Every structure is written in C-alpha cells, then in structure tokens.
Amino acid sequence: MDIERIAVHESAGRAFPLSALVESLSSLSVPVERVTDGERYGPGDCVVTFSPREAFHDAAWVHGVRAGYDEFDTDAYEASGTALTNSTGIHGDTVPETVVGYLTMFARRLHVYRDQQRERVWDHEAYEVPFTLTGERVCVVGLGTIGQGVARRADALGMDVVGVRRSGDPVDGVERVYTPDELDTAVADARFVVLAVPLTDATEGLIDAGVLDTMPEDAYLVNVARGDVVVEDALLSALDDGRIAGAAIDAYWEEPLPTDHPLWGYENVVMSPHCAAFTNHYHEDIAELVRENVERATRGESLRNRVA
Ligand code: NDP
Ligand code: 7N6
C-alpha cells in the first residue's frame, strides 16, 4: 500500500481539534490535509475520520478514531478492498477512570450532594444508604482494553471482580471469567454491572428485561459501550419499578439524546454525553496509531487494528 496523503476528515473534530492531529502527524513524509465532505479520494489516500462516508471506499485505507466501528459497513470495505482500522487500545485509562468515578459517585453518594449543592441544601443521605466499594462485586461485561482497565482499578480498590468475555480466558485481577452464555450467573450477585463490549449482532439488546431482573435490586448498571447493547424500554422500566438501584450512562440509543427523553429525569441516573474517553491527548494517541500504520504500510506489513 503506497500512502501519498493523509486526509483528516472534519468529523474527527468531534474527538480533538483537527489542527492538533495535523501538527502531530507533521513528522510524516506524506502530506497531511484537513478535508470536508465533497472531497474525492484515490488509491494513495488514508482517511482519518470519526464517521463513515461512502466516498471513503475509494481510498486505500480508512482509520476510525473510535474503538467502536459499528457505524462502518465492513462488507462494503471488504468489497472495495479499502482497509479499515479502528482505535482499540487507546482507551485503557480514560474510560476506566470515568467508570471508577461513576462507581464512587454511587457508593459515596456524590451525585446526590452535587445536586444538593445547586440548591444550597445541607443534608446527608440516610445512615443505611452510603457504602464502600471495598468488598462489593463488579461484573465487567467485555474484558478488552476498557474492561481490563476497569477490572484492574476495581481490584486495586478492594472490589470483588468478575467478568464476561467471548473467549472466557483469564484476566489478571478478575476472580472468575464467564462466557456470554453465563451472563445471568455473572450478574446475579453483582453490585455493579459495567458494559464494555462492542456493539455487534451478538451484543445488540444483550441487557434486556431478563438480565435486569436477574441483577440484584441494589445493583447499578454502567454503560460505556453503545446504547443499543441495552434494551431502552427495559432499562426505563427497571428504573421506574426500582428493579435496579440506578445507572450511569455514557452511550445512548440516539445521540445527542433528545431533551425530552425520560432518562434525563432520574435522580439515580448519572449521565455523561458520550465523553468517557475524552482527554487532552487524544490526538496524540491517534497520531501514534496512524504513524505506526503508515510505517507498516510502507514496509508492506499488515496494519495494526485492521477490522476490514
Ligand atoms: P476490545 O476489543 O479491546 O474489547 C472488547 C471486549 O468485548 C473483549 O473482551 C471481547 O471478548 C468482548 N466481547 C465481544 N463480544 C462479546 C460478547 N458477545 N459477549 C461478551 N463479551 C464480548 O474493545 P475496547 O475495550 O477498546 O472497547 C469496547 C467498546 O467500548 C468499543 O467497541 C466501543 O463500542 C466502546 N467504547 C466506548 C467509548 C466511550 O467513549 N464511551 C470509548 C471507547 C470504546 P474477547 O476478549 O474474548 O474477544
Ligand atoms: C470518542 C471515543 C469509541 O468507540 O465511543 C468511543 O472509541 C468514542 C473520543
């Protein structure tokens, strides 16, 4: 693959300032340009993008700046012979740190006190409500870059960590790794269920009414994966009926979430606008992946993180 240009698509601006990535890639011997919709691509182009566009199928290689590539039509990439790479591997600190934040908020009731601060209310939760993370069980569904980052941190906090992954292979700090067919058993005794799986045919609707019913009534669901991994109505019903204690959500069924969506209204739901991975060095992490793959392409080697 002969890369003659890196085209940084405007959609990548959702994750970092485009100029920062262009600057970080400036050491490459190929030109790096910002491009907008309407641009045409050819066999010497690598496109760096947040979102898919049909025009990209004319390029040699497309790099998605997200780990999730569920919005990309991998069959179309296979058909056109355009390589597609993703950004799995760079979210091992950001998203897990955000998850630890959610867990801590719920255990130590920080979300309640932040809400009260706005109203200048001096009050504390009832004696039996606050708890410690130490000794509580977290079930991490998906034990890749993010899941392992969550597991390591939870283990360091003295939590009892179990998890679910396709392979069932063991993970440091995870007491028991279940396979997807054992999901109900895995979540049954968990105080927290953290979703860190990709959105695929196998994971769409994975967390349905049955799984939410199986979770203990004092359990919290954390979704940093994709909205459609959770059945929307099932989550809202479980919250309405008090069948789970609450939820922290970073990924939604529709984004931005409409302002009249019921999820906004729950005091026991912590919401972040799909920014669990945001960090001021995101452009550097992407640049490193792109630089490595430009070098690999030049040497005729296979691309890292190739997904189609
Ligand atoms: P990885 O590919 O590193 O890990 C994915 C994990 O999910 C693997 O452990 C894999 O199992 C497991 N898995 C896949 N299918 C299933 C299944 N059917 N049942 C149970 N486990 C399954 O991905 P990342 O950790 O980098 O990212 C995970 C997802 O998180 C992304 O695809 C993306 O959708 C989302 N994400 C969200 C972000 C945010 O800002 N909120 C930021 C980054 C990612 P195995 O190890 O056995 O293969
Ligand atoms: C944006 C990260 C992913 O899949 O959903 C996340 O990587 C988005 C900075």
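Since the model is a prediction, treat every value here as computed from it, not as a measurement. One-based numbering, in listed order, for ligands and for the atoms of each.
Proximity to F278 (heavy-atom distance under 4.0 Å) selects the following atoms of ligand 2: 1 (C), 9 (C). Residue H274 has at least one heavy-atom neighbour below 4.0 Å for each of these atoms of ligand 2: 5 (O), 6 (C), 8 (C).
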Hey, mind stepping through H63 and Y69 against ring-ring contact (aromatic ring centres under 6.0 Å, His included) and telling me if it holds?
CA-CA 10 Å; H63 180 76; Y69 56 95; over 10 Å; no

Please evaluate residues R153 and D93 with respect to the criterion salt bridge (charged side-chain N to carboxylate O under 4.0 Å, His left out), reporting the C-alpha separation (whole Å), side-chain torsions for both, the decisive distance (0.1 Å), and the verdict.
CA-CA 10 Å; R153 286 165 175 78; D93 293 327; 2.8 Å; yes

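V138 and Y178 fall into different hydrophobic clusters, where Ile, Leu, Val, Met, Phe, Trp and Tyr side chains are chained together by heavy-atom contacts under 4.5 Å. Residue V269 is not grouped with residue M105 when hydrophobic side chains (ILVMFWY) are merged at heavy-atom distances under 4.5 angstrom, including chains of intermediate members.
Residues R296 and E292 are paired through a salt bridge, judged by an N-O separation under 4.0 Å between the basic side chain and the carboxylate. Between R243 and D241 there is a salt bridge, since at least one side-chain N of the basic residue sits less than 4.0 Å from a carboxylate O of the acidic one.
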Below 3.5 Å only, please: the N or O atoms of ligand 1 paired with protein N or O atoms, distance on each line.
unit_1	atom_1	unit_2	atom_2	d
ligand 1	3 (O)	T145	N	2.9
ligand 1	3 (O)	T145	OG1	3.4
ligand 1	9 (O)	L143	N	2.9
ligand 1	9 (O)	L143	O	3.4
ligand 1	9 (O)	G144	N	3.0
ligand 1	11 (O)	R166	N	3.4
ligand 1	25 (O)	T145	N	3.3
ligand 1	25 (O)	I146	N	2.9
ligand 1	34 (O)	R226	NH1	3.3
ligand 1	41 (N)	V224	O	3.0
ligand 1	41 (N)	D250	OD2	2.8
ligand 1	46 (O)	R165	NE	3.0
ligand 1	46 (O)	R165	NH2	2.9
ligand 1	47 (O)	R165	NE	3.4
ligand 1	47 (O)	R166	N	3.1
ligand 1	47 (O)	S167	N	2.8
ligand 1	47 (O)	S167	OG	3.2
ligand 1	48 (O)	R166	NE	3.2
ligand 1	48 (O)	R166	NH2	2.7

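Remark: the backbone N or O of A107 is not paired with any side-chain donor or acceptor of Y220 at under 3.5 angstrom.
Ring pair H9/F56: centre-to-centre distance below 6.0 Å.
Among protein heavy atoms, atom 4 (O) of ligand 2 sits closest to R226 NH2, 2.7 Å. For atom 2 (C) of ligand 2, the closest heavy atom belonging to the protein is Y282 OH, 3.6 Å. For atom 7 (O) of ligand 2, the nearest protein heavy atom (residue, atom name, distance) is A67 N, 2.6 Å. The protein heavy atom nearest to atom 8 (C) of ligand 2 is R66 NE, 3.5 Å.
Checked against a 3.5 angstrom limit, the closest N/O atoms of G68 and ligand 2 fall inside it. The shortest N or O to N or O distance between V65 and ligand 2 is not under 3.5 Å.
The salt bridge (Lys or Arg N to Asp or Glu O under 4.0 Å) test with E39 is passed by exactly one of R53, R34, R5: R5.
Heavy atoms of H91 found under 4.0 angstrom from ligand 2 belong exclusively to the side chain.
Applying the side-chain hydrogen bond (donor to acceptor under 3.5 Å, both in side chains) rule to pairs touching residues 13-28 yields S24-E284, sequence neighbours excluded.
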